[in-house]
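Heads up: the structure comes next, in structure tokens.
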Amino acid sequence: MPRTPSSGGAAQGGGGASSSSSGTGAGGSVEAGIISRSSASVLESETHVAVAPNGFVCATWISEQPGGSSANGYRFSTDDGATWHPVAQLASPSPEVASDPVLAVDQQNNFWITWVGYQYDSGGQPFDVHVSVAEAPAGTTTFGAPREVTSNAGGTESYDKPWITVTNKNTVLVTYAVTSSGALRLARGASGGQSFTTTTIV
């Protein structure tokens, strides 16, 4: 579910959270299996991990920040998780926050990330919800600019928890719930995820 300011506030005093980076740069070690202990967030949750055949690994999470904002935190390893590059963040297009990141890898070792972005009102309720994707090309450790998956004209629909996979023919597939109507949709990315066509499947 999209995070709200109330969940961000509760996170600051919550116990048991892996609040973000033990390594300090490329080749940084990982303390007792902790991928992130960064001051960039007050809580990190809903972690997802993907591994490419070339030994690259990416971990991502909701990076919750003071005041209720959030971004996609992520960290790459280029040696099967033995060492890790610095913690990075991928934001939604302003003024939206980012939540629920999920990863996939294609046959060319490109990493893909999808997530839900939204604004929230004074009561903490999300609105202007969108689903986006971004790509980290093979051999790199940084995600590029977000690409829109949904077309939420007028902001009348609400979405939750997108999931992503890439077919053997390199078609990017993103599914997501339309919580405002109870539907489940599939967005199919053509031209390497440059544009998407959407089908309601449930």
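This is a predicted model, so every value here is computed, not measured.
Looking at Val166 and Phe111, their side chains never come closer than 4.5 Å, going by heavy atoms from C-beta outward. A 4.5 Å side-chain heavy-atom check between Leu173 and Leu186 finds at least one atom pair inside the cut-off.
In this structure, CG in Leu184 is found 6.0 Å from OG1 in Thr175, a value given to the nearest 0.5 Å. Summarising the geometry, atom CD1 belonging to Ile35 is positioned 4.0 Å from atom CH2 belonging to Trp84; distances are rounded to the nearest 0.5 Å. In this structure, the separation between CG on Asp128 and CD on Glu96 is 5.0 Å, given to the nearest 0.5 Å. Atom CG of residue Leu90 and atom CZ of residue Phe143 lie 7.5 Å apart, to the nearest 0.5 angstrom. Here the straight-line distance linking atom OG of Ser92 with atom NE2 of His130 works out to 9.5 Å at 0.5 Å rounding. Here the CD atom belonging to Gln119 is positioned 8.0 Å from the OG atom belonging to Ser94, to the nearest 0.5 angstrom.
Under the side chain to side chain contact (heavy atoms under 4.5 Å, CB included) criterion, Ala71 pairs with Gln65, Gln89, sequence neighbours left out.
In the hydrophobic clustering of this structure, Trp163 does not group with Val105; members are Ile, Leu, Val, Met, Phe, Trp, Tyr whose side-chain heavy atoms approach within less than 4.5 Å, directly or through other members. Note: the hydrophobic cluster containing Val129 also contains Tyr120 (ILVMFWY, side chain heavy atoms under 4.5 Å, direct or indirect links). Under the 4.5 Å side-chain heavy-atom criterion for Ile, Leu, Val, Met, Phe, Trp and Tyr, Tyr74 and Val172 are members of distinct hydrophobic clusters. Hydrophobic clustering of Ile, Leu, Val, Met, Phe, Trp and Tyr side chains at less than 4.5 Å, counting indirect connections, unites Tyr159 with Val149. In terms of hydrophobic clustering, with Ile, Leu, Val, Met, Phe, Trp and Tyr side chains grouped at heavy-atom distances under 4.5 Å, Leu103 and Val174 are assigned to different clusters.
When all heavy atoms are compared, the tightest approach of Ser151 to Glu148 is N-OE2, 4.1 Å. Nearest heavy-atom pair, Asp80 versus Ser77, reported as atom, atom and distance to 0.1 Å: N-OG, 3.8 Å. Scanning all heavy atoms of the two residues, the minimum distance from Ala98 to Ile62 falls at O-CG2, 4.4 Å. When all heavy atoms of Asp100 and Lys161 are compared, the pair lying nearest together is OD2-N, 3.6 Å. Nearest heavy-atom pair, Ala59 versus Val49, reported as atom, atom and distance to 0.1 Å: CB-CG2, 4.1 Å. Between Thr200 and Ala183 the shortest heavy-atom distance is CG2-CB, 4.1 Å.
Side chain of Thr199 to backbone of Ile201: no donor-acceptor contact under 3.5 angstrom is found. The closest donor-acceptor contact from the side chain of Arg75 to the backbone of His85 lies under 3.5 Å. A donor-acceptor pair is defined here as one N or O able to donate and one able to accept, closer than 3.5 Å; no such pair exists between the side chain of Ser70 and the backbone of Ser63. Remark: the backbone N or O of Ala91 is not paired with any side-chain donor or acceptor of Asn72 at under 3.5 angstrom.
A donor and an acceptor atom, one from each side chain of Gln107 and Asn170, are nowhere located under 3.5 Å apart.
Checking Val116, Thr150, Thr114 one by one against Tyr176, the side-chain contact (heavy atoms from CB on, under 4.5 Å) holds for a single residue, Thr150.
The aromatic rings of Phe76 and Phe56 sit perpendicular to each other, their planes meeting at more than 60°, with 30° as the lower class boundary.
Using a 4.0 Å cut-off between charged side-chain N and carboxylate O, Glu157 and Arg185 make a salt bridge.
His48 has its ring centre no less than 6.0 Å from the ring centre of Trp115.
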